[in-house]
There are 2 protein chains.
Amino acid sequence: MSGSVVVAGLGPGDPMLVTPEVQAALDMATDILGYIPYVGRIAPRPGLSLHPSDNREELTRARHALELARQGRHAVIVSSGDPGVFAMASALFEVLDAESSDTMVNIRILPGITAMLAAAARAGAPLGHDFCAINLSDNLKPWSVVEQRLRMAARGDFAMAFYNPRSKSRPHQFERVLEILREECESQRLITFARAVSTPDETLRTVTLEQATPDMADMRTVVIVGNSQTRQVGRWVYTPRSIAAPVAGP
Amino acid sequence: MSGSVVVAGLGPGDPMLVTPEVQAALDMATDILGYIPYVGRIAPRPGLSLHPSDNREELTRARHALELARQGRHAVIVSSGDPGVFAMASALFEVLDAESSDTMVNIRILPGITAMLAAAARAGAPLGHDFCAINLSDNLKPWSVVEQRLRMAARGDFAMAFYNPRSKSRPHQFERVLEILREECESQRLITFARAVSTPDETLRTVTLEQATPDMADMRTVVIVGNSQTRQVGRWVYTPRSIAAPVAGP
């Protein structure tokens with residue numbers, strides 16, 4: 001019997017945001033692999049093996065899932081949010097590519113509600129026009145790439161969503177991000193700090209770029225920077241669908 | 001009794017991609033509003049009024065939903081994909097802002113699986129690193145803004161997802177998009193044309209920038225352009241999580 005690897009997005013936390021497609025894959029699984037807190041979201045049942053592993057163990061986890069599939073088992077790697085957005089899907093294909101052996105294993109990637117879209121929905125519609133998603137961690141890329149992308153996104157007048165804005169091991173980088181934004185954008189630009197959206201710890205705070213401070217973000221926060229047109233109405237933040245005049249060139 | 005307006009994302013087409021949160025809102029609704037084919041996805045039932053309307057009727061539809069809520073009804077505006085990505089959420093806040101009256105009406109935005117993430121999952125993980133979402137329609141913005149954003153996205157080495165790449169009323173613009181990409185990117189850059197993902201009409205095709213032609217896209221297509229690192233393994237397209245060297249500046 002042939003096995004399979006599914007990479008499934010669990011959404012940002014609320015079970016009401018898990019798609020029926022993902023739930024069906026979880027119900028069929030023989031093995032669940034993933035970062036410890038994500039595997040912790042799966043209810044144990046007879047016949048299901050749980051394989052929690054640490055952060056930064058992505059390649060080992062992907063290899064393990066492929067091994068299980070070759071043994072005829074149905075392995076589901078769980079990601080928070082969407083598995084294709086700064087998550088496990090790329091890691092799986094990196095392993096498949098490096099092994100250069102069997103690319104015929106049965107693989108499916110199942111989309112999920114990614115953190116920036118859950119956060120945007122809570123805030124209103126700050127990503128209602130063209131936008132960028134940027135991972136601010138430099139674990140896997142040079143910091144200069146982050147700075148270059150921030151400047152290009154600002155000069156294109158994109159709204160921006162930042163994943164992994166700040167961690168204990170790199171507390172100063174988000175300060176640098178705010179500096180770059182202040183060089184490129186007007187001081188009244190709106191920024192929303194959305195923490196742990198759809199969980200009991202959810203908080204939401206919108207300030208101007210001028211008011212923003214590094215401590216407003218941590219690793220559970222998605223930061224959404226509006227574009228030059230982004231506005232507030234009542235408690236909502238939104239980006240209009242229209243632009244009347246051309247944006248300035250760089 | 002106080003009414004409500006919910007703006008709900010139905011995902012790209014497959015009912016298995018509708019979140020339980022959205023399904024619960026549909027089950028509680030007294031009125032469903034939306035573009036004709038999206039309202040067509042809702043099963044009729046006693047006590048539920050369906051209000052399909054044409055494309056480009058977004059502001060009228062939003063005003064109607066707010067009126068219904070003020071009458072104590074539970075209106076759900078349905079969008080394809082995610083309501084905050086080139087969809088109805090911004091239109092609702094535009095109306096609320098223009099009316100400058102009652103911003104206290106009970107509003108909820110419910111996220112959904114947006115087309116680019118469903119398409120990316122089918123292709124592999126082409127959006128596995130930093131990426132941009134760009135609406136190629138110039139119905140509501142000057143074409144110069146589209147060109148500027150394309151160039152900034154390319155110079156930041158973002159992967160890109162294009163919504164509304166091409167329509168009968170503007171067949172030549174996507175040709176221009178390919179020209180700009182050829183000026184900014186190498187000829188072997190990978191492009192995926194994902195049409196009607198998760199519906200019976202689904203097709204998926206990956207070519208190089210050199211091979212891409214305008215007729216590969218229509219209004220039901222999401223186009224995903226990889227970044228400079230995007231690769232193929234077997235039938236899959238993915239963008240690695242790592243970048244070894246800094247990207248070139250503009």
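Owing to the predicted nature of the structure, the values given are computational and were not obtained by experimental measurement. Letters go in sequence order (proteins before strands), and every chain restarts at 1.
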Just so I understand: if I count every heavy-atom pair under 4.5 Å between each of A:P15, A:P83, A:A118, A:G124 and chain B, which residue has the most?
A:G124
Most heavy-atom pairs under 4.5 angstrom with chain B, which of A:A120, A:A153, A:A154, A:A121?
A:A121
Mind checking the NZ-NE2 spacing from B:K141 to A:H129? Nearest 0.5 Å is all I need.
4.5 Å
Of all of A:D82, A:L110, A:V22, which one pairs up most often with chain B through heavy atoms under 4.5 Å apart?
A:D82
Chain B contact via A:V18 - side chain, backbone, both or neither, heavy atoms under 4.5 Å
backbone
With rounding to the nearest 0.5 angstrom, report the CZ to CE distance, B:R149 to A:M152.
14.5 Å
Write out all pairs satisfying ring-ring contact (aromatic ring centres under 6.0 Å, His included) with one or both partners inside residues 137-166 of chain A, taking only residues at least two apart or from two chains.
A:F86-A:Y163
Taking every non-hydrogen pair under 4.5 Å, which of B:Q23, B:M160, B:R241 racks up the most with chain A?
B:R241
Measure the spacing between CH2 of B:W236 and CG of A:L92 and express it to the nearest 0.5 Å.
8.5 Å
From B:S90 OG over to A:L127 CG, what is the distance, rounded to the nearest 0.5 angstrom?
9.0 Å
Can you tell me how far apart OG (A:S198) and CD (B:E21) are? Round to the nearest 0.5 Å.
8.0 Å
When heavy-atom pairs shorter than 4.5 Å are enumerated against chain B, which of A:A91, A:A159, A:A123, A:P126 gives the highest number?
A:A91
